[in-house]
Amino acid sequence: MLRFVYTVLMYLIQPLVVLFMLGRSLKAPNYRKRLNERYGFYCGAVPPKANGVVIHAASVGEVIAATPLIKRLQALYPTLPLTVTTVTPTGSDRVKAAFGDSVTHFYLPYDLPDAVNRFIAFVQPKVCIVIETEIWPNLIVQLKKQAIPFIIANARLSARSTQRYHWFKGALHHIFDHISLIASQDNVSAQRYLSLGYDAQRLKLTGNIKYDLVLNDTLMQQVASLKQTWVDQRPVWIAASTHEGEEDLILETHRLLLHKYPNLLLILVPRHPERFNMVAELIKKHKLTYVRRSDHVTPDSSTQVVLGDTMGELMLMYGLADIAFVGGSLVKHGGHNPLEPLAFKLPVISGKYTFNFPEVFTKLLQVQGVLEVNENTKALTNAVEKFLDSQELRERYGNAGYEVLIENRGALQRLLDLLDPYLSQTV
């Protein structure tokens, strides 16, 4: 009954959804493109080969998490068709940047039965793998009707989502029965799924595949090349994946730091591309000189800020830095992945709002692999100063965090072992 009400509401709100998408497209024009895909219409597009795999990665963060998995699948199952779906244009851009034409990409349609059925008929997958947290009742039910397994990989469930799902726990039980496997990235999320009534026999704890991050030779060569032209012995700190409310504080911090460290360079990378221009205006407001990465202009000695406004280059930007602040943590967003800077052995600074990655940050705090600060300019300024003043402290925090990264590798192989029976089966 609840799914019926949910479906009726989904249909009723579609005019508002379309208006919302058109409104967002005023700042990010890609939101009004390919709207047909969001309703399962493909307008002459060539379908992928049947009996492949759908990997759904909602936006940029999930695409980044899924990238090592997708690359391993391509190596292990070279003839297996892979279709990667997203819901945001930025996620779409990230898929294209990472994989080009080696995978098929479409937007996942809205969770409407007719749209979902058109999508399934068009792609004809033999398994659907969702990355991290996506529970769409109609998609799950329609896949089950066609005997197509639905799997949540690297599964993460926040406290807020758990609380909301508890309101519908009885109705969710039927939906959960249709989920073939949940591979949880941490024990906290695993216990939350179990508290909602998911079958313990079909829940496996694999760990977070983001720990299996490897720095390849191509990336390291790019880092070395840019360091020669960009940095030239300058101290560099990066503020990455930042959100509204954080950039003002970061830029004010940088302005204060410049009094003591006049050649300090800040690389500022907002999380969402639609905010790039807004953040550029903020930099001007703070009267700081800057260049945009998208202009491919080499910063000179007078450049105080580099605005990272390109897609797919965050790891490159981390490679240029001496200190990393990971955003989404000074505001109540829940934080972002701290493992990427740790791969470079960078000391990491974070705000206190890290509830999206509870186990990772708990481990890092235990070993002094992250420095946690309050959401004010003084605290952030003091934290950056500490690291700038002490190479020994930078190395100690960076090495401690890197050890956490190394100790927790292996999640990707555990996940692949669980997926193999689904991927190897013939249809």
Side-chain angles (χ1 to χ4, degrees), residues 10 34-42 45 47-74 77 80-99 102-113 115-146 148-158 161 175-176 178-185 189 193 206 208-210 337 412 415-416 418-419 422-423:
M10 283 292 290
R34 298 161 58 196
L35 273 174
N36 54 296
E37 290 181 20
R38 300 184 184 276
Y39 292 94
F41 295 108
Y42 298 96
K49 291 181 180 178
N51 301 326
V53 176
V54 169
I55 299 174
H56 177 60
S59 192
V60 174
E62 291 82 3
V63 175
I64 292 170
T67 295
L69 171 64
I70 294 168
K71 289 186 174 179
R72 285 290 297 276
L73 292 179
Q74 289 177 318
Y77 309 91
L80 184 68
L82 298 179
T83 298
V84 182
T85 60
T86 65
V87 296
T88 66
T90 53
S92 175
D93 292 342
R94 181 65 181 150
V95 171
K96 292 171 183 174
F99 303 105
S102 67
V103 302
T104 305
H105 168 70
F106 297 104
Y107 287 129
L108 188 73
Y110 296 129
D111 199 34
L112 307 167
V116 166
N117 282 333
R118 284 190 292 272
F119 170 76
I120 295 170
F122 181 73
V123 178
Q124 298 183 59
K126 67 177 179 179
V127 62
C128 179
I129 301 170
V130 167
I131 303 298
E132 294 197 354
T133 310
E134 293 284 318
I135 298 176
W136 297 111
N138 287 318
L139 175 64
I140 293 170
V141 169
Q142 298 304 324
L143 288 169
K144 180 66 174 180
K145 285 180 179 178
Q146 300 188 43
I148 300 170
F150 180 91
I151 296 166
I152 305 179
N154 211 44
R156 175 173 64 87
L157 196 61
S158 68
S161 294
I175 302 298
F176 276 180
H178 295 341
I179 300 176
S180 302
L181 170 70
I182 295 180
S184 177
Q185 67 175 245
S189 292
Y193 278 112
T206 56
N208 192 335
I209 62 176
K210 290 181 179 178
N337 176 22
L412 181 56
L415 176 59
L416 288 165
L418 290 173
L419 294 177
Y422 300 95
L423 304 177

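Along the sequence shown, the residues carry numbers beginning at 1. Excluded from the calculations below are hydrogen atoms, water molecules and symmetry mates; all remaining heavy atoms, backbone and side chain alike, are included. Only a predicted model underlies this, so the values are computations on that prediction, with no experimental measurement involved.
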For Leu80 against Asn51, the heavy-atom pair lying closest together:
CD1-O, 3.9 Å
Is there a donor-acceptor contact under 3.5 Å linking the side chains of His105 and Ser92?
yes
Assert yes or no for the condition that the ring centre distance of Phe106 to Phe119 is strictly below 6.0 Å.
no
Side chain to side chain contact (heavy atoms under 4.5 Å, CB included) partners of Leu35, counting only residues at least two apart:
Met21, Arg38
Which heavy atom in Leu139 sits nearest to a heavy atom in Phe150, and how many Å separate them?
CD2-CE1, 4.1 Å
Polar side chain donor-acceptor pair, Thr86 to Arg94, under 3.5 angstrom:
no
What residues form a side chain to side chain contact (heavy atoms under 4.5 Å, CB included) with Pro149, not counting sequence neighbours?
Val127, Ser180, Tyr422, Gln425
For Tyr42, check side chain to side chain donor-acceptor pair (under 3.5 Å) against everything at least two apart and list the hits.
none
Using side-chain heavy atoms (C-beta onward) and a distance below 4.5 Å, is Thr206 in contact with Gln185?
no
For Ser102, all residues meeting side chain to side chain donor-acceptor pair (under 3.5 Å), sequence neighbours excluded:
Gln74
Non-neighbouring partners of Arg118 that pass side chain to side chain donor-acceptor pair (under 3.5 Å), sequence neighbours left out:
Asp114
Set of salt bridge (Lys or Arg N to Asp or Glu O under 4.0 Å) partners for Glu132, sequence neighbours left out
Arg156, Lys210
